[in-house]
A.B. asks: 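Quick one: structure below, then a few questions.
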Amino acid sequence: MASPEERYNFREAEAKWQRIWADKDSFKIEEPSAKPKYYVLEMFPYPSGRLHMGHVRNYTLGDVVARHKKAKGYNVMHPMGWDAFGLPAENAALERGVHPGTWTRQNIKDMKAQFAPLGLSLDWSREVTSCEPKYYKHEQKMFLDFLKAGIAYRKESWVNWDPVEHTVLANEQVIDGKGWRSGADVEQRKLNQWFLKITNYAEDLLQGIETLDRWPDKVRLMQRNWIGRSEGARVKWPLVAASGKDTGDILEVFTTRPDTLFGASFCAISAQHPIAAKVAETDPALGDFITECSKGGTSTAAIETAEKKGYDTGLRARHPFIADKTVPLYVANFVLMEYGSGAIFGCPAHDERDMEFARKYSLPVRCVVAPAGEDAKAFAERLEAGNVAYTEDGVAINSDFLNGLKVVEAKRAAIQKLETIARGTGTVQYRLRDWGVSRQRYWGCPIPIIYCQGCGTVPVPDKDLPVTLPEDVTFDKPGNPLERHPTWKHVKCPSCGKPAQRETDTFDTFFESSWYFARFCSPHETDKPFDKAAVEKWLPVDQYIGGVEHAVLHLLYSRFFTRAMSDCGYLDLKEPFAGMFTQGMVCHETYRLPDGTWLEPGAVTKQGEGATHNGKPVTVGRSEKMSKSKKNTVDPARILDTYGADAARLFMLSDSPPDRDLEWTDAGIEGAWRYLNRVWRLAADAGEIPPAPPPPVMDASAAAVLRQIHRAIAAVSDDLEKFRFNSTVARIRELTNALGDMDHSVAGGNAVYRFGVEVAAQLINPLTPHIAEEIWQTLGNKTSLTETPWPSYDPALLEDDTVTIAVQVNGKLRGTITVAKTADKAACESAALDLPAVQKQLDGKAPKKVIIVPGKIVNIVAA
RNA sequence: GCGGGUAUGGCGGAAUUGGUAGACGCGCCUGACUCAAAAUCAGGUUCCUCUGGAGUGGGGGUUCGAGUCCCUCUACCCGCACCA
């Protein structure tokens, strides 16, 4: 038995319980089981080789859920694996000459070892590694099924091209329009690439969001906006050459504001639009402009923040409604080829961007919508003279047959007319684009396609799957190693037998993460990706947890993939994640020397207000996301070694709400560590008390603590369900504070105290499982907390008979009264009016009005 | 540029439907124990011009009553389709 003075030995205890859990297979699912299933999943990590605090936070959150649900009587599945394909492995190969496979597999080994001391309730027997053929072969098959089902197709699309390195760059590798390594101006190039038809599912993905009631509203909103459904019209504008003759081309423009067609003053097309290319053939200056637009990368952010520029093609476009009216056609750098038809019409009076463009190129501004009830003529004059567009609701003016209609009605009428005169149609447009899955990289899943001169695009036959990556590749030359491998890409055409070539592109790594949650349900299946029955039993994931940075892409791709897999007969499900939780980042203060170099936290000595490094003053910067570049990282291994897993977990859970950013502080982890020792001393005391039920008659103080214990169970249970882990910790601390303060010598004192410590161990178990088990054992329990049901509370013990309520005069607090819970309004009022502070405020006058909310407040309104 | 979010003591945060702002903790202060330190324990800690007043990023509004609802402004953070 530990003496109260002895400090808690986390090293011994944590290793001991981790061994016991492993020996007993405590975290495997029960099979068979009558219990309801619960699937807890954290986003599987990219094996960078170093576990960082963001991982620790993510997996701790999941572990709390998993352990709590297990105690609540669920059959819990909590797997882990590796998102093992990706760019960093190729960068390592390039920079250090290590093979991506060697590097990745070593990292997995290292990281798995770093996981162990965290004490997570993971079932490692389900581990999956996405870079292994036994995993990725299934997605090659899926892709071929998608191809058959018309979900996969090939088309040309634009990429960031580094002219020096001769490689395609990721957007993050394009910095200010230049390649990150070469520094050369990045160009946009067209390549043939594979796409998945996620746009076919746009409406269903949008509708599905409504069913995701256990997702954060902000994520649902972001997905809705990403899909970006908008109703509008496609409008046809026949083009007219400078000579006044029709060219025969018809420009198709998408607009959400067909009601403003009468205010059109120009049309604009993307620099990548076919018409732009055609005009450029005879106009070298336009060619230069297009080249200029192609510099700076493909990212939407870069395109939309660039200065708005246009080039007048000299062509004009025929207005659909006004006979003989034409507007100039520009090529503009802000028009996206990927959205709508790659062409817009500009109505400067009612669109900010068009207004800016019109002022820059001296184009007319014609007001065609005025706010209802205002003098339309005066409003129009003001608007046309100014630089601010009017984008609000209103009534059509200067618009022929639309005049007098409200915006919504005018849109409808305009579309109807367009359709009648065959100059356009009403359509629904989505911002969502098809998912480009081709990557010109080595370290990814090979796309199982063969190109034959005679037969064209030929899928690799099932019997030849998987197409595995060759291991003997070199990274000494720029470009994709698969492309220049001596033999790998040269194969016989499966259909005609003549020499043919493999597709050398690999899949986007989002491909692997779009179905791994299903693979976890039957990870050892060899001839199919997963067993249908297993997937039907375990999916959807009941609680998915990960960073908010994945709020759109990964989650949307997974939702799409689940639908696509269902359509190909793999399963029968639409939504893979029933519950979603997005955690915040882990941040730390930053430190810099006067010369601007970043310093690691360990290199900085803090003294009072200031900080120094080897005697030199250090600037303490604000807290930012932990990153290698700013050197503000804290190594979890060091923390675990110094304070143990429980302290690290407790601090991460207690300091901030899980969905917000967490600031890592040394003081915080120290505080958590001290608390664990305090709890440990309580437990040591309680261990001395023989178990006994509380006596029927006990002292009022002991009875009050007993009520508090029951309140703690209720509050903690509720907080855990709602992901309020920081207040969970606060509630548990309140409980242990009360236990520490209570007088054991009163009637029932010992029994209540012992019961309180037992409950505290159970409540804290999901958060700090090692010390909880140790306490549980100290109290003489023979079973593990992993097999112990969650404590229940007696609702009758949750509340006191009396309640203290606030008394306000004119909304300002002047005192409190303590009344019986059942006290009526009259009793509350007279008690409140009796307060000396209230008397003073009233100054002898009668109150004008008294508002009484029983159990809450009395507010006296004085004259 | 577009989309999403956040703002409360010296610090992290709490306040679940509009009802006692600052729970719980960190830090700090005072005291006890100690030769001393650490650890531990007890007490205190929103601010101010302090018998009162102010106060939840700034300004305005609704209400008996606003951190919470509405309008407006500011600052910071995240995502933007080839990082994962």
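Proteins get letters first, then strands, A, B, ... in listed order; numbering begins at 1 in each. Everything numeric here is computed off the predicted structure, so don't read it as measured data.
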A.B. asks: Against the six-membered ring of A:Phe195, is A:Lys155 placed for a cation-pi contact (under 6.0 Å from the centre, within 45° of the normal)?
C.D. replies: yes
A.B. asks: At what distance, to the nearest 0.5 angstrom, does CG of A:Asp646 lie from OG1 of A:Thr768?
C.D. replies: 4.5 Å
A.B. asks: Can A:Glu624 and A:Lys630 be counted as an ion pair, charged N to O under 4.0 angstrom?
C.D. replies: yes
A.B. asks: What is the nucleic acid contact for A:Phe510, judged by heavy atoms within less than 4.0 Å: base, sugar-phosphate only, or nothing?
C.D. replies: base
A.B. asks: With a non-hydrogen cut-off below 4.0 angstrom, is A:Arg678 in contact with a base, only sugar-phosphate, or nothing?
C.D. replies: sugar-phosphate
A.B. asks: Base, sugar-phosphate, or nothing for A:His554, non-hydrogen atoms under 4.0 angstrom?
C.D. replies: nothing
A.B. asks: Do the charged groups of A:Arg181 and A:Glu95 touch, with an N to O distance under 4.0 Å?
C.D. replies: yes
A.B. asks: Before accepting this row, confirm whether a basic side-chain N of the pair A:Asp505/A:Arg441 lies closer than 4.0 Å to the acidic partner's carboxylate O.
C.D. replies: no
A.B. asks: Measure all distances between protein nitrogen or oxygen atoms and nitrogen or oxygen atoms of nucleotides 16-22 of chain B, and list the pairs falling under 3.5 Å.
C.D. replies:
unit_1, atom_1, unit_2, atom_2, d
B:U20, O4, A:Thr804, O, 3.1

A.B. asks: Look at all strands and tell whether A:Glu624 reaches a base, only sugar-phosphate, or nothing, counting heavy atoms closer than 4.0 Å.
C.D. replies: nothing
A.B. asks: Under 3.5 Å, is there any donor-acceptor pair linking the side chain of A:Arg441 to the base of B:C82?
C.D. replies: yes
A.B. asks: Kindly indicate whether the side chain of A:Glu663 and the base of B:C11 share any N or O donor-acceptor pair separated by less than 3.5 Å?
C.D. replies: no
A.B. asks: What does the list of N/O pairs under 3.5 Å between the protein and nucleotides 27-32 of chain B look like, with a distance for each?
C.D. replies:
unit_1, atom_1, unit_2, atom_2, d
B:G27, OP2, A:Arg674, NH2, 3.1

A.B. asks: Can you list every stem that RNA chain B is part of, counting only runs of 3 or more consecutive Watson-Crick or G-U wobble pairs with both distances under 3.5 Å?
C.D. replies: B:1-7 with B:74-80, B:10-12 with B:24-26, B:27-32 with B:40-45, B:46-48 with B:52-54, B:57-61 with B:69-73
A.B. asks: Do A:Gln193 and B:C82 have a side chain to base donor-acceptor pair shorter than 3.5 Å?
C.D. replies: yes
A.B. asks: Using 4.0 Å as the upper bound for N to carboxylate O, is an ion pair formed by A:Asp685 and A:Arg681?
C.D. replies: no
A.B. asks: For nucleotides 42-51 of chain B, just jot down a letter per nucleotide in 5' to 3' order: B, S or -, based on protein non-hydrogen atoms under 4.0 Å.
C.D. replies: ----------
A.B. asks: Picking from B:C82, B:C64, B:C80, which would you name as closest to the side chain of A:Ala301?
C.D. replies: B:C80
A.B. asks: Grab the CD1-P distance between A:Ile447 and B:C82 for me, whole Å please.
C.D. replies: 13 Å
A.B. asks: Check the phosphate of B:G3 against A:Arg224, side-chain N and O only, distance under 4.0 Å to OP1 or OP2. Yes or no?
C.D. replies: no
A.B. asks: Mind listing the residues from residues 653-660 of chain A sitting with a heavy atom below 4.0 Å of RNA chain B? Number order is fine.
C.D. replies: A:Asp655, A:Ser656, A:Pro657, A:Arg660
A.B. asks: Closer than 4.0 Å, any side-chain N/O of A:Asn171 to the OP1 or OP2 of B:A81?
C.D. replies: yes
A.B. asks: Who pairs with A:Glu338 by salt bridge (Lys or Arg N to Asp or Glu O under 4.0 Å), at least two apart in sequence or on another chain?
C.D. replies: none
A.B. asks: Taking the side chain of A:Trp226 as its heavy atoms from C-beta onward, which of B:A81, B:C77, B:A23 lies nearest to it?
C.D. replies: B:A81
A.B. asks: Quick test of your reading of the model: are A:Arg731 and A:Glu734 salt-bridged, counting only N-O distances below 4.0 Å?
C.D. replies: yes
A.B. asks: Which part of the nucleic acid, if any, lies within contact of A:Glu90, taking any heavy atom under 4.0 Å across all strands shown: a base, the sugar-phosphate backbone alone, or nothing?
C.D. replies: nothing
A.B. asks: Expected output is a numbered-order residue list: members of residues 214-223 of chain A with a heavy atom under 4.0 Å from any atom of RNA chain B. What is it?
C.D. replies: A:Lys218, A:Leu221, A:Met222
A.B. asks: Taking B:C48 as the reference, what is the distance to B:G1 when you measure between their C1' atoms (whole Å, please)?
C.D. replies: 45 Å
A.B. asks: Please work out if A:Val168 contacts a base, only the sugar-phosphate, or nothing of the nucleic acid, heavy-atom cut-off 4.0 Å.
C.D. replies: base
A.B. asks: Looking only at atom P, what distance separates B:C69 and B:U56, rounded to whole Å?
C.D. replies: 15 Å
A.B. asks: Is A:Arg433 positioned over the aromatic face of A:Tyr339, cation under 6.0 angstrom from the ring centre and no more than 45 degrees off axis?
C.D. replies: no
A.B. asks: For a quick test of your reading: what N or O donor-acceptor pairs under 3.5 Å do the side chains of residues 299-306 of chain A make, sequence neighbours left out?
C.D. replies:
unit_1, atom_1, unit_2, atom_2, d
A:Ser299, OG, A:Ala302, N, 3.1
A:Thr305, OG1, A:Ala301, O, 2.6
A:Thr305, OG1, A:Ala302, O, 3.3

A.B. asks: What distance, rounded to whole Å, do you find between the two C1' atoms, one in B:U8 and one in B:U46?
C.D. replies: 10 Å
A.B. asks: Mind listing the residues from residues 430-439 of chain A sitting with a heavy atom below 4.0 Å of RNA chain B? Number order is fine.
C.D. replies: A:Arg431, A:Leu432, A:Arg433, A:Gly436, A:Ser438, A:Arg439
A.B. asks: Could you pull out all residues at least two apart from A:Thr504 that satisfy side chain to side chain donor-acceptor pair (under 3.5 Å)?
C.D. replies: A:Glu483
A.B. asks: In residues 648-661 of chain A, what donor-acceptor pairs under 3.5 Å come from side-chain atoms, sequence neighbours left out?
C.D. replies:
unit_1, atom_1, unit_2, atom_2, d
A:Arg649, NE, A:Leu767, O, 2.8
A:Arg649, NH1, A:Asp63, OD2, 2.8
A:Arg649, NH1, A:Leu118, O, 3.3
A:Arg649, NH1, A:Gly119, O, 3.4
A:Arg649, NH2, A:Asp63, OD2, 2.8
A:Arg649, NH2, A:Pro766, O, 3.1
A:Arg649, NH2, A:Leu767, O, 3.4
A:Ser654, OG, A:Leu650, O, 2.9
A:Ser654, OG, A:Phe651, O, 3.4
A:Asp661, OD1, A:Met585, N, 2.9

A.B. asks: Listed by chain and number, what are the side chain to side chain donor-acceptor pair (under 3.5 Å) partners of A:Gln708, not counting sequence neighbours?
C.D. replies: none
